[in-house]
Amino acid sequence: MHADRQAAIASVTGWFAVNTRDLPWRHSTPWGVLVSEFMLQQTPVSRVLDVWAYWLGRWPNPAALAAEPSSAAVAAWGRLGYPRRALRLHAAATAIVGEHGGEVPRDHDALLGLPGVGAYTAAAVASFAFGDAYPVLDTNVRRVLARLESGTQFPPPHPSAAERVRATEWTTQAGPRAALWAAAVMELGALVCTSRRPDCGACPVAESCAWHAAGHPPGRTRPRAQAWAGTNRQCRGVLLDVVRRSPDGVDVTHLLAAWDDRDQAVTALDGLVADGLVALDGHLVRL
DNA sequence: AAAGCGTGGAG
DNA sequence: TCTCCAAGCTT
């Protein structure tokens, strides 16, 4: 086992050395890495690139962002999705200024304490921004390890304790190259060991992959995704998009008319206000 | 701890 | 067209 993993680490990091995407946050600051990690939560790289560049140009450090109202962050978030991430990133910047002297903390627990930073993001920043050894367990890594060691097409629906233990073992066994291993195995999942069409012919560890050896048995079909049409989520998205495109605010009545079910629109608007994504200013709604 | 939370591109 | 899913977090 131990030797197998050592060999796999060497193979994957070797593959990574010649297959590294030139992503801008990879030659940025810890702040740039933190911003990228927030934006990349459930959002593809291709959609993040331009927004990230704009953010880093406008707010090159946490203090610059913290100096502006959170509405500026929501506006600049554009259509990345999950706009509460913009609020949390703004709150994180504020906390970094208030509690960490304006510098993104290197300490893993301090990172975990920031708004919007969970197990993955804390490990990713510690690893990618500072080179420290933490198990970076994102959807890519989970899929790679599930195939490589469990022989299953997909990992369980949610990260399990067993997965965390296993990821930590890999990190430990990577030793001084833990951060390199983290980036490499994640990149392998993103580029080769993909969810839909894995390219096993290009995989540096296909020969030792349990799922490959078993002949690519299909995994359990996953539960159907939540229906979208008519959901509160969709309604929130429609309403927020109207507000976002109304720099001077939009009349409440006019805003609610953007959704045919008025009761649902009222509920959704209440939620947006409660979340702090929009503000009620008399009869006007604005960011 | 299960559910809620956006968006757009690929297959 | 429609389903899947993309560097998760919070309550």
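Lettering follows sequence order; numbering is per chain, from 1.
Looking at every heavy atom in both residues, A:M186 comes nearest to A:N140 through O-CB, 3.6 Å.
OP1 or OP2 of C:dA6 sits under 4.0 Å from a side-chain N or O of A:R143. Listed pair A:S36 / C:dA7 fails the phosphate criterion, with no side-chain N or O lying under 4.0 Å from OP1 or OP2.
Taking atom P in both B:dG11 and C:dA7, one finds a spacing of 14 Å when rounded to whole Å. B:dG8 and C:dT10: their P atoms are spaced 24 Å apart (whole Å). Look at the C1' atom in both C:dC5 and B:dC5: the space between them is 15 Å, to the nearest Å. Taking atom C1' on both B:dG6 and C:dC4, the two are 15 Å apart, rounded to the nearest angstrom.
With rounding to whole Å, A:L114 atom CG is found 18 Å from C:dG8 atom P. To the nearest angstrom, P of B:dT7 lies 11 Å from CG of A:L277. Between A:R245 atom CZ and B:dG6 atom C1' there is a gap of 15 Å when expressed in whole angstrom units. Atom CD of A:Q41 is separated from atom C1' of B:dC5 by 12 Å (rounded to the nearest Å). Rounded to a whole Å, the CE atom of A:M39 is 15 Å from the P atom of B:dT7. Rounded to whole angstrom, the span from the CZ atom of A:R233 across to the C1' atom of B:dC5 amounts to 5 Å. In this structure, A:L240 atom CG and B:dT7 atom P are separated by 7 Å, rounded to whole Å. Across the protein-nucleic acid pair, A:N232 atom CG and B:dT7 atom C1' stand 16 Å apart, rounded to whole Å.
Among the heavy atoms of the strands lying under 4.0 Å from A:W25 is at least one base atom, whether or not backbone atoms are also near. Counting non-hydrogen atoms under 4.0 angstrom, A:R236 reaches the backbone sugars and phosphates but no base. Counting any heavy atom pair closer than 4.0 Å across all strands shown, A:L239 reaches no nucleic acid atom. Looking at heavy-atom distances under 4.0 Å, A:V117 makes contact with sugar-phosphate atoms alone, never a base. Base contact: A:R21 has a heavy atom under 4.0 Å from a base atom.
Nearest-nucleotide positions on DNA chain C for A:P115 and A:F128 put A:F128 closer to the 5' end. The residue among A:R197 and A:R88 whose nearest nucleotide of DNA chain B lies closer to the 5′ end is A:R88. Mapping A:H158 and A:T43 onto DNA chain B via the closest heavy atom, the residue that lands nearer the 5' end is A:H158.
The listed nucleotides are C:dC5, B:dT7, C:dA7; the one nearest the side chain of A:R196 is C:dC5. Here C:dC9 is the nucleotide among C:dA6, B:dG4, C:dC9 with the atom lying nearest to any side-chain atom of A:Y120. Of the candidate nucleotides B:dG4, B:dT7, C:dG8, C:dG8 has the atom lying nearest to any side-chain atom of A:T139. Set against C:dA6, C:dC5, C:dG8, the side chain of A:T121 has C:dG8 as its closest nucleotide. Taking every side-chain heavy atom of A:L40 into account, C:dA7 is the closest of B:dT7, B:dC5, C:dA7.
The residues A:R286 and A:D248 are annotated as not salt-bridged, no charged nitrogen and carboxylate oxygen being separated by less than 4.0 angstrom.
In the hydrophobic cluster analysis, where Ile, Leu, Val, Met, Phe, Trp and Tyr join through side-chain heavy atoms closer than 4.5 angstrom, A:Y82 is grouped apart from A:L89.
Counted by atom type alone, A:Q41 and A:T121 present one or more donor-acceptor pairs between their side chains at under 3.5 Å. For the residue pair A:W25 / A:E37, no side-chain donor-acceptor distance below 3.5 Å is found, with atom types taken as modelled.
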**OP:** Show your reasoning for whether side chain to side chain contact (heavy atoms under 4.5 Å, CB included) applies to A:R5 and A:R166.
**Re:** CA-CA 11 Å; A:R5 282 177 171 168; A:R166 187 167 57 185; 3.5 Å; yes
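Between A:W77 and A:W55, the gap from one ring centroid to the other is short of 6.0 Å.
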